[in-house]
2 protein chains.
Amino acid sequence: MKVTGDQALVKKINKSIILHTIRMHSPISRAKVSEVTGLNKATVSNLVAELCGQQLVTEAGPGESSGGRKPLMLHFNEMAGSVIGIELRVKQLKAVLCNLGGGILHERDSVLENHDFPYVLGQMQQMISELIATAPPSHYGLVGIGVGVPGMVDEHGVVLFAPNLGWEMVDLRSILESAFAVPVTIDNEANAGAQGELNFGAARDVRHLLYISAGSGIGSGIIIGGELYKGARGYAGETGHMTIEAEGKPCSCGSRGCWELYASEKTYDNPGLSLPARTTTGLVKYALEGQPDTLSHFNSIGEYLGIGVTNLINSFNPELIVIGGALSEAEPWLGEPLRRVVAERTLPYHKQQLEITFSRLGSRGTMIGAGFSAVMHFLGNIRVTL
Amino acid sequence: MKVTGDQALVKKINKSIILHTIRMHSPISRAKVSEVTGLNKATVSNLVAELCGQQLVTEAGPGESSGGRKPLMLHFNEMAGSVIGIELRVKQLKAVLCNLGGGILHERDSVLENHDFPYVLGQMQQMISELIATAPPSHYGLVGIGVGVPGMVDEHGVVLFAPNLGWEMVDLRSILESAFAVPVTIDNEANAGAQGELNFGAARDVRHLLYISAGSGIGSGIIIGGELYKGARGYAGETGHMTIEAEGKPCSCGSRGCWELYASEKTYDNPGLSLPARTTTGLVKYALEGQPDTLSHFNSIGEYLGIGVTNLINSFNPELIVIGGALSEAEPWLGEPLRRVVAERTLPYHKQQLEITFSRLGSRGTMIGAGFSAVMHFLGNIRVTL
DNA sequence: AAAACTTTGTTTAACCAATATACAAAGTCA
DNA sequence: TGACTTTGTATATTGGTTAAACAAAGTTTT
C-alpha cells in the first residue's frame with residue numbers, strides 16, 4: 001500500500017508503539033513508557049488518555065514508589081474484546097474463545113466425518129456461533145476470527161490448495177466475514193503455530209524462529225526479526241515438498257523424494273513397513289513399551305527431520321527451532337536423532353546458539369496463534385524501516 | 001532500530017518517496033510527482049527545492065504541454081556523485097566506477113594469484129585508488145564502495161566465512177572504510193547479483209525474484225516485494241549446502257549430498273569423470289562442437305539445478321528466476337533440462353506465471369549490483385509498513 | 001485576436017502533533 | 001520539617017502537511 005507521511009501517520013505510529021509497549025510490559029507507568037519508547041512524557045500522556053478512552057488501556061491504582069511520587073500503573077485491557085481462534089485439522093475441528101491477551105475463555109472440539117466444504121463450513125459456523133454465545137460482555141465484543149488451515153493460503157485469505165482436505169480455491173475469509181460481520185484472518189496452519197509459540201509458548205521474545213509443523217505433512221512457519229515471514233504471495237514455508245532424495249519415492253505432488261515422504265505421518269502408509277500401529281498416538285504407546293519396530297521407525301523419522309531442518313537452517317539461520325504438530329507427541333524418541341543429524345550436517349556458523357525444542361503449547365498452539373493473528377489485525381501494527 | 005514518529009520523520013519519508021519517484025520516472029514534472037505519490041503539490045514543490053539544493057535533482061527545461069502550461073521536467077542527477085562496485089572472485093578481481101544511476105564510467109580487472117588476505121586487500125585498494133583517480137569531478141565525489149564477496153557476510157559487513165578464499169571473520173568493511181573514508185557495503189555475491197539484475201538487468205520491476213549464482217559453488221539472492229531479503233543475520237540464501245541426496249556424496253561442509261556437489265563447477269573436480277576440459281569456458285567450446293561427454297555433463301548439471309531450484313520455488317514462490325554466475329555461460333545446454341525438471345517437479349500453483357531466464361548483465365551483474373547497494377545506502381530508503 | 005479554459009507551480013494561512021519547559025502533585029529521605 | 005525525587009499535566013513553540021487562492025503560461029473556442 002502507498003503510504004505518505006503526515007501528522008495523522010505520526011500519531012498512528014506513536015499510538016501503536018505505546019499500545020504495544022503497554023501490552024508487552026503491563027503493568028507499566030506512563031513515565032516508564034516514555035523512557036523505553038523515547039517519546040516525550042507529554043506525548044505519552046496524551047495518547048494514553050486516548051487509549052483509555054478507547055478502553056484498550058486501563059489505570060490500575062498506584063505502584064511502588066522508587067523515591068518519589070508513586071506511578072499510576074497502566075494495564076493492557078485484555079477484556080476489551082474477544083477473538084475466536086480455530087484450527088482446522090484433517091479429522092478434527094478445534095476452536096477457542098480468547099481475550100485480547102491470548103487467555104483462553106472457552107474451548108470447543110468436534111470430529112470431522114468428511115471434508116466436503118459445505119459440511120466443514122457448517123460445523124465451523126456452528127462452533128463459532130456457540131462460542132460467540134458464551135462470550136462475556138465487553139466493550140468491543142467479538143473483534144475477529146482467526147483460522148489455521150492445513151494448506152496454502154494467499155494474501156487475501158483464499159485457501160488455494162489444501163491437499164489433505166481436497167480443497168482448492170476456497171474463499172474462506174469472505175464467507176466467514178459475511179456470515180459473522182467481523183474481520184477474519186486465514187493463515188497456514190504452520191504460520192499460526194509459529195505465532196502461537198512466539199507469543200505464548202516456547203519462543204517468547206525470540207527474534208528469528210523456525211517452527212516446523214510435522215503431522216500428516218510438513219509445513220514451516222518462519223519468523224524473521226520477530227515477525228511472521230509470509231513470502232511473496234503469503235505462502236512461503238511450503239517445505240514439505242522439498243526434495244531430499246533426488247531419485248527418491250514418487251510423491252503425489254508430481255515430484256520425487258519430498259521431505260514429508262520420509263519425515264511425517266505419511267511414512268505410516270507404507271504397507272511394506274512392519275508397524276504395530278498407524279497413528280502417532282498409537283505408536284507412542286508401543287514406543288513406551290520399547291517395541292523395536294516402532295523405536296527404529298521413530299529414529300528414522302527423527303533423522304530425516306534433521307536433514308530437512310538442516311536445509312532450512314542453511315537458508316534461514318534461526319536462533320530457535322520449535323517442532324510442533326502431531327509428531328511432537330513423539331518428542332522422547334525424535335529429539336536425539338534429530339539433534340544428532342543437525343549437528344553433523346550444519347555449517348559451523350549455524351551451530352552456534354542454535355537451539356531445538358518441541359512445542360510447549362501442544363495441540364493448542366495453532367488455534368491460539370490463529371486467534372492472535374485476529375488480535376493483531378484488530379489492534380494494528382505499524383512500523384517504520386530505515 | 002527504534003523509530004518513533006515526529007515531523008522530521010514525516011519529512012524524511014516524503015523526501016525519500018519523492019526522490020525515488022523522480023529517480024525511477026525521470027524525467028517527470030512536479031505535478032506528475034504530486035499525482036503519483038498522492039502528496040500535495042506544495043509539499044512536492046518544497047521538497048523538490050531542497051533536493052535541487054542538494055544537487056540530487058536538476059531541472060531540465062520545459063516538457064510537452066497537455067493543454068495547459070508546460071511542465072518543468074525534473075531529472076535525477078546521476079552525476080551528483082559516483083560509487084565503486086567490486087566483485088571479488090576466486091581467481092579474479094573486477095571493479096567498476098559507476099554514477100548514481102548505475103551507468104558505468106570506468107572498468108578495471110585483475111588476476112588474483114592467491115587468496116592471502118593482505119595480498120587481495122592490497123590489490124583491491126590499488127584498484128579502488130586507480131578508479132578514484134579517474135572519477136569525474138562531481139558535487140559529492142565518491143559516495144560509497146560496494147563489494148560482492150563469495151561467502152557469508154553478516155549485518156556489519158564482516159565476512160564470516162568464505163570457503164573458496166579460505167577467509168574467516170574478516171572485517172572487510174571497517175578496513176575499507178578507514179582506508180577510503182567513505183561508507184562501504186559488503187554483500188554476498190549472489191545478493192549483489194540479484195540487486196544488479198533487479199535494477200538494471202533481466203528482472204526490472206519484478207517484485208519477487210530468485211537469483212541463482214552458479215559458479216564454483218551455488219548461492220542465492222532472494223528479492224521479496226522488490227527488496228533484498230537478507231534473513232536473520234544477513235546471510236539467508238546459503239543454498240549451495242541444501243541436501244538433495246540424503247545419502248549422497250560427502251561435502252567439505254561436513255554434510256552429504258549438498259546441491260552444489262551436483263550442480264556447480266565443483267562437478268568438474270571428479271577425476272573419474274571423462275571431460276575434455278575442467279572449466280566452464282573450456283567446456284563451452286567443446287559443447288559448441290557437440291562433444292558428447294560435455295553435452296551429457298551439462299545436461300546433468302541442468303537437471304540438478306532444476307531440483308534445487310524447485311526446492312527454492314516451494315519455499316519462496318518467486319515470479320522470476322534468473323540464473324547467473326559462471327555457469328550461465330552454458331545457458332544453451334543448461335536451459336532445457338533445467339526448465340524440464342522444474343516443470344516436472346513443482347506444485348501446480350508455482351507453475352503459473354513462473355519464468356526462468358539467464359543473467360542479462362553477464363559477468364558485470366555482481367559488481368553493478370554491489371555498486372547499487374552503495375548508491376542506495378547513500379540515498380537512503382525509508383518505508384512504512386502497516 | 002480575444003476570451004475562456006487548462007495545466008503547472010507558488011504563496012498564504014490554518015491545522016495539528018511532538019517537544020521543551022515550567023509546574024503541580026505526591027511521594028522518600030535525612 | 002525541609003530538601004530532594006519522581007510522576008504526570010499544562011503551556012507555548014516549532015515545523016511539517018494541507019487546502020485554497022493565486023499567478024503564470026499554455027491551449028482551445030468563439
Side-chain angles (χ1 to χ4, degrees), chain A residues 2-19 21-22 25-54 57-75 382 384, chain B residues 2-19 21-22 25 27-53 57-75 382 384:
Chain A
K2 197 165 295 175
V3 178
T4 59
D6 59 4
Q7 289 188 320
L9 179 78
V10 169
K11 192 169 176 176
K12 242 196 235 170
I13 292 172
N14 292 338
K15 205 164 166 181
S16 173
I17 291 173
I18 291 173
L19 175 60
T21 303
I22 295 173
H25 297 80
S26 153
I28 185 174
S29 69
R30 288 169 173 83
K32 196 81 191 164
V33 171
S34 165
E35 192 187 309
V36 304
T37 60
L39 289 164
N40 188 281
K41 288 192 296 176
T43 308
V44 173
S45 264
N46 283 329
L47 294 179
V48 164
E50 286 191 25
L51 288 169
C52 286
Q54 292 176 272
V57 169
T58 50
E59 284 185 340
E64 288 288 290
S65 161
S66 63
R69 169 174 163 183
K70 283 183 182 169
L72 252 167
M73 302 314 274
L74 302 169
H75 278 270
I382 189 168
V384 179
Chain B
K2 198 165 296 178
V3 179
T4 59
D6 60 4
Q7 289 187 321
L9 179 77
V10 169
K11 189 170 178 178
K12 241 195 237 171
I13 292 171
N14 292 339
K15 203 163 167 183
S16 173
I17 291 173
I18 291 172
L19 175 59
T21 303
I22 295 172
H25 297 79
I28 185 174
S29 69
R30 288 168 175 81
K32 196 84 190 160
V33 171
S34 165
E35 191 188 310
V36 303
T37 61
L39 289 164
N40 189 280
K41 287 192 295 177
T43 308
V44 172
S45 264
N46 284 329
L47 294 179
V48 164
E50 286 191 26
L51 288 169
C52 287
V57 169
T58 50
E59 284 185 340
E64 289 289 290
S65 162
S66 61
R69 168 174 164 183
K70 282 183 183 170
L72 253 166
M73 303 314 273
L74 302 169
H75 278 269
I382 190 168
V384 178

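Just so we're on the same page: letters track the sequence lines, and every chain starts at 1. What you see below is based on every heavy atom in this structure, not just the backbone, and it leaves out hydrogens, waters and symmetry mates.
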Looking only at non-hydrogen atoms, find the nearest pair between B:Ser65 and B:Lys70 and report the distance. CB-CG, 3.9 Å

What's B:Thr43 touching, base or sugar-phosphate or nothing? Going by heavy atoms closer than 4.0 Å. base

Between B:Ile18 and B:Val44 the two heavy atoms that sit nearest each other are CD1-CA, 3.9 Å

Shortest non-hydrogen contact from B:Ser45 toward B:Arg30: OG-CD, 3.8 Å

Heavy atoms only: give me the nearest B:Ser34-B:Asn40 pair and the separation to one decimal. OG-C, 3.9 Å

How long is the gap from CG on A:Asp6 to CG on B:Leu39, to the nearest 0.5 Å? 9.0 Å

Looking at every strand, decide which applies to B:Ala42 at a 4.0 Å heavy-atom threshold: base, sugar-phosphate, or nothing. base

Separation of atom NZ in B:Lys15 from atom P in D:dG15, rounded to whole Å: 15 Å

Once you round to the nearest 0.5 Å, how far does OG of A:Ser29 lie from CG of A:Leu72? 9.0 Å

Run the side chain to side chain contact (heavy atoms under 4.5 Å, CB included) test on B:Leu47 and B:Ile17 for me, step by step, so that the C-alpha distance in whole Å, both residues' side-chain angles and the decisive distance to 0.1 Å come before the verdict. CA-CA 10 Å; B:Leu47 294 179; B:Ile17 291 173; over 6 Å; no

Contact class for A:Ser29 (heavy atom, under 4.0 Å): base, sugar-phosphate, or nothing? sugar-phosphate

Could you give the distance from NZ (B:Lys32) to CD1 (B:Ile22), rounded to the nearest 0.5 Å? 14.0 Å

Between B:Gly68 and A:Gln7, which is nearer to the 5' end of DNA chain C once each is assigned its nearest nucleotide? B:Gly68

Whichever of A:Glu59 and A:Ser66 has its nearest DNA chain D nucleotide further upstream toward 5': A:Ser66

Leading and trailing nucleotides of DNA chain C with any atom under 4.0 Å from heavy atoms of chain B: C:dT6 to C:dA18

Distance, rounded to the nearest Å, where A:Lys11 contributes NZ and D:dT17 contributes C1': 16 Å

On a plain distance test, is the side chain of A:Lys41 in donor-acceptor contact with the base of D:dG8 below 3.5 Å? yes

Note: for A:Ala8 and A:Lys70 on DNA chain C, the residue whose nearest nucleotide lies more 5' is A:Ala8

Taken to the nearest whole Å, CG/B:Asp6 to C1'/D:dT13 is 15 Å

Do any of residues 45-53 of chain B sit with a heavy atom less than 4.0 Å from DNA chain C, and if so which? B:Ser45

So CD1 of A:Ile382 and NZ of A:Lys11: to nearest 0.5 Å the spacing works out to 13.5 Å

